[in-house]
*Asks:* 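Pasting a structure here, questions to come.
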Amino acid sequence: EIGTDTGIGAVVLAHAAWACQTDATVTTVDIRQDRGRSNLHLVPGIERRVEFVEGDSNDILPAFALDGRSFDLVFIDGAHDYEQARKDWENVQRLSEVWVFHDTTQFTGLQRLISEIRGTGQYDVFQFASDPGHRKDSGAVADGFCTGMTIVQHRRHLAGLTAQAHRDDRGELLPGHTETASFALPK
């Protein structure tokens, strides 16, 4: 996970791994981890499944690659401006073949990046629509809730991600529609 914040994403991911009866752990990276552990109490014992790494993702992610680390999935929820999201994307491509971006219907920089990723033709991109009550053009949350999630999978990956959606002739999700997806990582 890129972008720990209060650690709720790490707790949810670690709990999902536990619920699936895997021995998976969550590695979460943030420039500041002073709040990262604040939600571990929500699931007793979950702290054994979470590795907190404090530092700049621009330094940490390349170091992971040099160390030969890889991940089944990378959850990207760090800085939401285009430039930093682009750097995170470039840095995680060597670490996984499945990525989940958070807040992609909310921030214009992330929308731009997802559009570029889709445009390469190298990836399957599945975007889940936000609540229609949220603004997408301001770059800020309209009512305090985060919105939108996009799963990106390298086309050569055999994870078995399938989706169904209502799209226009440009491939954009039609207003009022969401994608449905099933997702299974290879064993």
*Asks:* If you measure from OH on Y82 to OG1 on T108, what distance do you get to the nearest 0.5 Å?
*Replies:*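 One gets 12.0 Å once the value is rounded to the nearest 0.5 Å.
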
*Asks:* Partners of R112 by salt bridge (charged side-chain N to carboxylate O under 4.0 Å, His left out), sequence neighbours excluded?
*Replies:*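 So R112 forms a salt bridge (charged side-chain N to carboxylate O under 4.0 Å, His left out) with E116.
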
*Asks:* Where the side chain of N91 meets the backbone of P62, is there a donor-acceptor pair that is under 3.5 Å apart?
*Replies:*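 Checking the backbone N and O of P62 against the side chain of N91, no donor-acceptor pair under 3.5 Å is found.
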
*Asks:* So, for V29 and I60, which heavy atoms are closest and what is the spacing to 0.1 Å?
*Replies:*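 For V29 and I60, the tightest heavy-atom pair comes out as CG2-CG2, 3.9 Å.
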
*Asks:* Applying side chain to side chain contact (heavy atoms under 4.5 Å, CB included) to V98 and D72, what does each step give before you reach the verdict?
*Replies:* CA-CA 7 Å; V98 180; D72 294 321; over 6 Å; no

*Asks:* Under 4.5 Å between any side-chain heavy atoms of L110 and I76, yes or no?
*Replies:*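 Result no, sub-4.5 Å side-chain heavy-atom pair not found.
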
*Asks:* Kindly compute the distance separating CZ (F128) from OG1 (T150), expressed to the nearest 0.5 Å.
*Replies:*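 OG1 of T150 is found 8.5 Å from CZ of F128.
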
*Asks:* Could you name each residue pair satisfying salt bridge (Lys or Arg N to Asp or Glu O under 4.0 Å) that touches residues 49-68, not counting sequence neighbours?
*Replies:*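 Checked against salt bridge (Lys or Arg N to Asp or Glu O under 4.0 Å) - neighbours excluded - the pairs reaching residues 49-68 are E51-R69.
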
*Asks:* Under the rule for side-chain hydrogen bond (donor to acceptor under 3.5 Å, both in side chains), what residues qualify as partners of D88, not counting sequence neighbours?
*Replies:*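 For D88, the residues satisfying side-chain hydrogen bond (donor to acceptor under 3.5 Å, both in side chains) (neighbours in sequence not counted) are S57, Q84.
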
*Asks:* Please report the interatomic distance CG(L40) to CZ(R48), rounded to the nearest 0.5 Å.
*Replies:*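 It is 11.5 Å, given to the nearest 0.5 Å.
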
*Asks:* Rounded to the nearest 0.5 Å, what's the gap from OG1 on T4 to CZ on R35? Could you check?
*Replies:*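 The distance works out to 10.5 Å.
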
*Asks:* Of the non-hydrogen atoms in I117 and T120, which two are nearest, and what is the gap between them?
*Replies:*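 The answer is O-OG1, 2.8 Å.
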
*Asks:* Test of understanding: clusters of I, L, V, M, F, W, Y form through side-chain heavy atoms closer than 4.5 Å, transitively. Do L73 and M149 belong to the same one?
*Replies:*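 Same cluster.
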
*Asks:* Indicate every side-chain donor-acceptor pair of residues 11-22 with a distance under 3.5 Å to a residue at least two apart or in another chain.
*Replies:*
unit_1, atom_1, unit_2, atom_2, d
T22, OG1, A17, O, 3.1
T22, OG1, A24, N, 3.3

*Asks:* Hey, are K87 and E83 close enough for a salt bridge, meaning a charged N less than 4.0 Å from a carboxylate O?
*Replies:*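 Salt bridge absent between K87 and E83.
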
*Asks:* Keeping Q122 on the side-chain end and H154 on the backbone end, is there a donor-acceptor pair under 3.5 Å?
*Replies:*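 Looks like no, no N/O pair under 3.5 Å.
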
*Asks:* If you look only at pairs with a residue in residues 45-65, which of them pass as a ring-ring contact (aromatic ring centres under 6.0 Å, His included), with sequence neighbours excluded?
*Replies:*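 Matches after skipping sequence neighbours: F64-F71.
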
*Asks:* Can you tell me how far the OH atom of Y123 sits from the CZ atom of R155, to the nearest 0.5 Å?
*Replies:*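 One gets 11.0 Å once the value is rounded to the nearest 0.5 Å.
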
*Asks:* If I take atom CD1 from residue I46 and atom CG from residue N39, how far apart are they, to the nearest 0.5 angstrom?
*Replies:*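 If we round to the nearest 0.5 Å, I46:CD1 and N39:CG are 12.0 Å apart.
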
*Asks:* With sequence neighbours excluded, tell me which residues meet salt bridge (charged side-chain N to carboxylate O under 4.0 Å, His left out) with D77.
*Replies:*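 Partners of D77 under the salt bridge (charged side-chain N to carboxylate O under 4.0 Å, His left out) test: none.
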
*Asks:* Hey, mind stepping through V26 and F75 against side chain to side chain contact (heavy atoms under 4.5 Å, CB included) and telling me if it holds?
*Replies:* CA-CA 10 Å; V26 173; F75 185 72; over 6 Å; no

*Asks:* Does the side chain of Q127 come under 3.5 Å of the side chain of T105 through a donor N or O and an acceptor N or O?
*Replies:*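 Side chains of Q127 and T105: no pair found under 3.5 Å.
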
*Asks:* Looking only at atom types and distance, does a side-chain atom of W89 sit under 3.5 Å from a main-chain N or O of L113, one as donor and one as acceptor?
*Replies:*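 Answer holds: no.
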
